[in-house]
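Some notes on the structure that comes next.
Computed from a prediction, not measured in an experiment: that's the story for all the values here. If you read the sequence from its start, that first residue is 1, and numbering goes on from there. When a ligand or atom number is given, it counts from 1 through the structure's own listing order.
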Amino acid sequence: MKRVLTIQDISCLGKCSLTIALPVISALGSETVILPTAVLSTHTMFNNFTCKDLSDQIEPIAEHWKSEQVHFDAIYTGYLGTIEQIDQVKALISDFRDEKTLVFIDPVMADNGKLYPAFDMDYVRKNAELCSIADIIVPNITEAAFMTGMDYREEYDESYIKEMLQRLNAFGAGISVLTGVSLEPGQTGIMGFDSKSGEYFTYQRKRIDAVYHGTGDLFSSSCVGEIMKGLDWRDAMRIAADYTARTIEVTMENPEKPWYGVDFEATLPELMNLK
Ligand code: PXL
């Protein structure tokens, strides 16, 4: 069985980060090892959330794993808390990665043109540094605009996305993928660039006009899980995009849906059959 280490916060209530990664990657058949970087009462879209930083636990936990000679087939990082923590995570990745380990970085820090509370441009620069050591990065357009210094646009054409992918590619990751890319009216999906083959990959599907929290984490987690099943990254991203959109659709139909996250619990059984 493949073993995935995922490093991100645990928001006790909120359906995001570890509370999505753990069930989704496990459901796709990989052992999921978690490293919580902070415990929050809720995600940061709630008011008055509490947050306990766990940075001082990262090194002792990693040391223990080293003494147990643990091997990870993938290391997947999401929302992290501070610049210092990103340095710790970089060190952990370089300690544990070998030539077969997939390093998948989702530089979670912004959406809809804005940085999340608690982040600033120093944090953005540090995330760009983290992206440089990845095999695959999956920023949304907002995160990529901040990291590349390009203007954030809601209306754009393919040349804007290609320029952004080229600037991301210059950081050094093997594969750079932009999420939330709409190339035709009524459509949305992803566009990626593979630095080895020099090829672009685009996947577009019907756009659903709703914004829900945690959908980026759902996309990344299902993508990592599918790659661990042996799928090519392009197939994994296509399935992850379909699964995320399907989950948004199902969530919208639920009259009792919570405002803070999607009903991925309802669609998880379907994910196992998506091809
Ligand atoms: O879904 C991204 C995410 C993860 N973790 C925390 C967040 C957010 C987005 O706001 O606040 C704590």
Side-chain angles (χ1 to χ4, degrees), residues 4-25 32 34-55 57-58 75-86 88-89 104-120 123-124 126-127 130-131 134 136-147 152 177-180 188 190 208 210-225 240-241 243-245 247-248 251 257-265 267-268:
V4 176
L5 167 62
T6 179
I7 311 175
Q8 39 192 328
D9 72 278
I10 186 152
S11 293
C12 300
L13 170 74
K15 306 208 222 190
C16 68
S17 41
L18 284 185
T19 60
I20 285 189
L22 180 55
V24 170
I25 299 170
T32 311
I34 60 168
L35 181 47
T37 52
V39 186
L40 291 85
S41 52
T42 62
H43 62 54
T44 61
M45 297 297 121
F46 284 79
N47 290 323
N48 307 319
F49 60 88
T50 69
C51 180
K52 170 77 178 164
D53 184 276
L54 297 176
S55 296
Q57 294 303 300
I58 294 178
I75 302 178
Y76 153 40
T77 72
Y79 185 104
L80 302 170
T82 59
I83 288 176
E84 297 72 36
Q85 207 169 64
I86 296 181
Q88 290 179 308
V89 167
F104 188 104
I105 308 274
D106 186 353
V108 179
M109 59 184 157
D111 209 355
N112 303 308
K114 286 202 207 90
L115 285 174
Y116 291 145
F119 297 146
D120 58 15
Y123 189 80
V124 169
K126 202 67 193 178
N127 253 305
L130 181 64
C131 284
I136 302 183
I137 59 171
V138 288
N140 60 35
I141 295 177
T142 305
E143 288 154 351
F146 277 111
M147 289 195 292
Y152 170 74
V177 176
L178 277 167
T179 61
T188 192
I190 61 146
I208 306 159
V211 179
Y212 280 108
H213 221 68
T215 49
D217 301 333
L218 196 61
F219 173 82
S220 291
S221 301
S222 44
C223 192
V224 169
Y243 173 59
T244 305
T247 303
I248 295 171
T251 304
K257 61 182 170 287
W259 64 267
Y260 52 77
V262 283
D263 289 343
F264 73 95
E265 302 86 344
T267 52
L268 209 43

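Ring pair Y116/F119 is tilted by interplanar angle, where 30° to 60° counts as tilted. Using bins of under 30°, 30° to 60° and over 60° for the plane-to-plane angle, the ring pair W259/F46 lands in the tilted bin.
In this structure, H43 contributes its side chain and G261 its backbone to no donor-acceptor pair below 3.5 Å.
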Show me a pair-per-line table, with atom names and distances to 0.1 Å, of protein N or O atoms that are under 3.5 Å from an N or O of ligand 1.
unit_1, atom_1, unit_2, atom_2, d
ligand 1, 1 (O), D217, OD2, 2.6
ligand 1, 5 (N), D9, OD1, 2.8
ligand 1, 10 (O), T44, OG1, 3.4
ligand 1, 10 (O), H213, NE2, 2.9
ligand 1, 11 (O), T44, N, 2.9
ligand 1, 11 (O), T44, OG1, 2.6

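Identified under the salt bridge (Lys or Arg N to Asp or Glu O under 4.0 Å) test for residues 7-20, with sequence neighbours left out: K15-D263, K15-E265. Residue pairs satisfying the salt bridge (Lys or Arg N to Asp or Glu O under 4.0 Å) criterion with at least one member in residues 211-222, sequence neighbours excluded, are absent.
For N112, the side-chain contact (heavy atoms from CB on, under 4.5 Å) criterion is met by V211, not counting sequence neighbours.
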